[in-house]
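Everything below concerns the one structure shown next.
Sequential numbering from 1 along the given sequence is applied to the chain's residues. Just so it is clear, the model here is predicted, and its values are computed rather than measured. Because only heavy atoms are used, hydrogens play no part in the values below, and waters and symmetry mates are left out as well, while side chains stay in.
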Amino acid sequence: MIKPIIAANWKMHKTIPEAVAFAKQLKKEFPEPGRADIVIAPPFTALSSVMEVLKDSPIHISAQNMHWEEKGACTGEVSATMLVDAGCEFVIVGHSERRILFGETSKMLNKKIHTALKSGLTPIFCIGETLKERESGATFRIIQKQIKEGLNNITSDDIRRITLAYEPIWAIGTGKTATPLQAQEVHRFIRETIAADFEHARASETIIIYGGSVKPENTGSLMDQPDINGALVGGASLDFGPFADIVKISER
Ligand code: PEP
């Protein structure tokens, strides 16, 4: 039985006091482990302070990005070792904003995934198609390519330690959600691709979460789908009320 993950991606939002206030509310509302794992991805500047608040709670911390090198002359970058040091257990890899705005390629993402695993971090590996790709019928081909390239040389053992996030680019921050059936279709395809590339047993254990304008109103119908194991939430994770509702709905 897969334990769902509800992850908040705060992107470039929240000062340290704002992040700490949110973390305190979250800890109060969810003091014990629930039926879903909660993961918060604050900006780098707030990681340590949020960790201080959440260290004795069941809530996990994620980074939004990392470099694939362990250390070196990479001005402005942060390594996996530094993230572990700051208390992270997860790291988002390959968010479409990183791919599009910062030119991150599948080759770079594959290196990041290998380094993250080596450092003990769980990568949340994001994949998804553009609207143009969907409309031209290329969705499955693109998803398959992103999985093959991003997970190149990953072992069957390591696939268990990776969370996949299907995030159709046309649904991110646009208010357009994939319908539950559209999302389920792609999630099932992702699981079948993992089964073909790795092992059936591993594929049935792989956590595949959905991201793209998730809000309390659509959480229930998305989470009812058999291959959707949680959500990566952007906009609706910035305010405590809607995010707490998303967690509660996903635990029903
Ligand atoms: C995201 O950026 O990962 C995301 C899913 O954003 P939103 O929920 O705002 O669409």
Side-chain angles (χ1 to χ4, degrees), residues 1-7 9 37 39 62 68 90-100 104-118 121-172 177-214 221-232:
M1 180 74 179
I2 292 179
K3 188 171 187 191
I5 290 180
I6 303 298
N9 176 13
D37 276 325
V39 179
S62 176
W68 58 85
F90 291 79
V91 59
I92 300 172
V93 175
H95 191 282
S96 57
E97 287 153 16
R98 301 289 323 166
R99 294 181 193 251
I100 295 166
E104 294 193 2
T105 63
S106 285
K107 210 168 171 182
M108 292 175 186
L109 303 179
N110 180 248
K111 288 200 270 184
K112 290 186 186 208
I113 290 173
H114 279 280
T115 305
L117 290 169
K118 205 167 133 204
L121 290 167
T122 296
I124 300 176
F125 178 42
C126 301
I127 53 179
E129 80 286 4
T130 62
L131 186 58
K132 201 165 157 216
E133 286 161 349
R134 173 160 281 267
E135 287 177 347
S136 67
T139 299
F140 291 155
R141 186 172 54 76
I142 295 297
I143 295 292
Q144 192 169 40
K145 186 168 184 288
Q146 289 174 340
I147 293 176
K148 281 220 182 305
E149 293 176 352
L151 301 184
N152 189 30
N153 284 329
I154 294 294
T155 65
S156 290
D157 272 348
D158 281 343
I159 194 69
R160 274 185 306 133
R161 299 173 48 214
I162 297 173
T163 292
L164 279 112
Y166 170 55
E167 297 213 304
I169 295 168
W170 48 272
I172 296 180
T177 327
T179 64
L181 288 181
Q182 276 175 322
Q184 163 58 23
E185 191 184 33
V186 180
H187 278 239
R188 191 185 54 223
F189 178 77
I190 293 170
R191 205 176 296 287
E192 285 168 359
T193 305
I194 299 289
D197 291 355
F198 298 90
E199 289 165 18
H200 280 274
R202 300 294 190 223
S204 60
E205 289 169 12
T206 301
I207 301 177
I208 309 170
I209 62 179
Y210 171 80
S213 299
V214 173
S221 54
L222 286 163
M223 296 293 294
D224 280 347
Q225 302 303 314
D227 288 297
I228 299 184
N229 312 122
L232 180 53

Where [X] and [Y] come nearest, the two heavy atoms and their spacing:
| X | Y | value |
| --- | --- | --- |
| Ile228 | Ala183 | CD1-CB, 3.8 Å |
| Pro168 | Tyr210 | CD-CE1, 3.6 Å |
| Ile124 | Ala165 | CG2-CB, 4.0 Å |
| Ile2 | Ser204 | CD1-O, 3.4 Å |
| Gly150 | Ile113 | O-CD1, 3.5 Å |
| Arg161 | Leu121 | NH2-O, 4.2 Å |

Rounded distance (nearest 0.5 Å) linking atom [atom1] of [X] with atom [atom2] of [Y]:
| X | Y | atom1 | atom2 | answer |
| --- | --- | --- | --- | --- |
| Phe90 | Thr122 | CZ | OG1 | 5.0 Å |
| Glu192 | Ile194 | CD | CD1 | 11.5 Å |
| Leu232 | Cys126 | CG | SG | 5.5 Å |
| Thr163 | Ile207 | OG1 | CD1 | 4.5 Å |
| Arg141 | Gln146 | CZ | CD | 10.5 Å |
| Ile209 | Ile5 | CD1 | CD1 | 6.0 Å |

Look only at the side chain of [X] and the backbone of [Y], and say whether a donor-acceptor pair between them is shorter than 3.5 Å.
| X | Y | answer |
| --- | --- | --- |
| Ser213 | Ala171 | yes |
| Arg188 | Asp227 | no |
| Arg98 | Glu104 | no |

Taking the side chain as everything from C-beta on, heavy atoms only, tell me whether [X] gets closer than 4.5 Å to [Y].
| X | Y | answer |
| --- | --- | --- |
| Leu181 | Gln225 | yes |
| Phe198 | Thr206 | no |
| Thr177 | Leu222 | yes |
| Asn110 | Asn153 | no |
| Val186 | Thr139 | yes |
| Leu151 | Asp197 | no |
| Ile154 | His114 | yes |

Please enumerate all residues that pass side-chain hydrogen bond (donor to acceptor under 3.5 Å, both in side chains) together with [X], with sequence neighbours excluded.
| X | result |
| --- | --- |
| Arg99 | none |
| Ser106 | Glu149 |
| Asn229 | Arg191 |
| Gln144 | none |

Set of residues satisfying ring pair (Phe, Tyr, Trp, His ring centres under 6.0 Å) with respect to His95, sequence neighbours excluded =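 None.
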inquiry  = Going by the rule ring pair (Phe, Tyr, Trp, His ring centres under 6.0 Å), which residues pair with Phe189 if we only count those two or more places apart in sequence or in a different chain?
reply    =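 Phe140.
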request  = Start with the C-alpha gap between Ile162 and Val93, add the side-chain angles, then the distance that decides, and say whether side chain to side chain contact (heavy atoms under 4.5 Å, CB included) holds.
outcome  = CA-CA 10 Å; Ile162 297 173; Val93 175; over 6 Å; no
Glu97/Ile172 under side chain to side chain contact (heavy atoms under 4.5 Å, CB included): CA gap, chis, key distance, verdict = CA-CA 9 Å; Glu97 287 153 16; Ile172 296 180; 3.9 Å; yes
message = Heavy-atom count check: over 12 atoms from other residues, nucleotides or ligands less than 6.0 Å from Lys145 NZ?
response =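 Count not over threshold, so no.
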task = From the options Glu129, Gln184, His187, select the one residue that forms a side-chain hydrogen bond (donor to acceptor under 3.5 Å, both in side chains) with Tyr166.
result =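 Considering Glu129, Gln184, His187, a side-chain hydrogen bond (donor to acceptor under 3.5 Å, both in side chains) with Tyr166 is found only for Glu129.
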inquiry  = Let's go through Ile143 and Thr193 carefully: what are the C-alpha distance in whole Å and the side-chain angles of both, what is the deciding distance for side chain to side chain contact (heavy atoms under 4.5 Å, CB included) to 0.1 Å, and is it a yes or a no?
reply    = CA-CA 9 Å; Ile143 295 292; Thr193 305; 5.7 Å; no
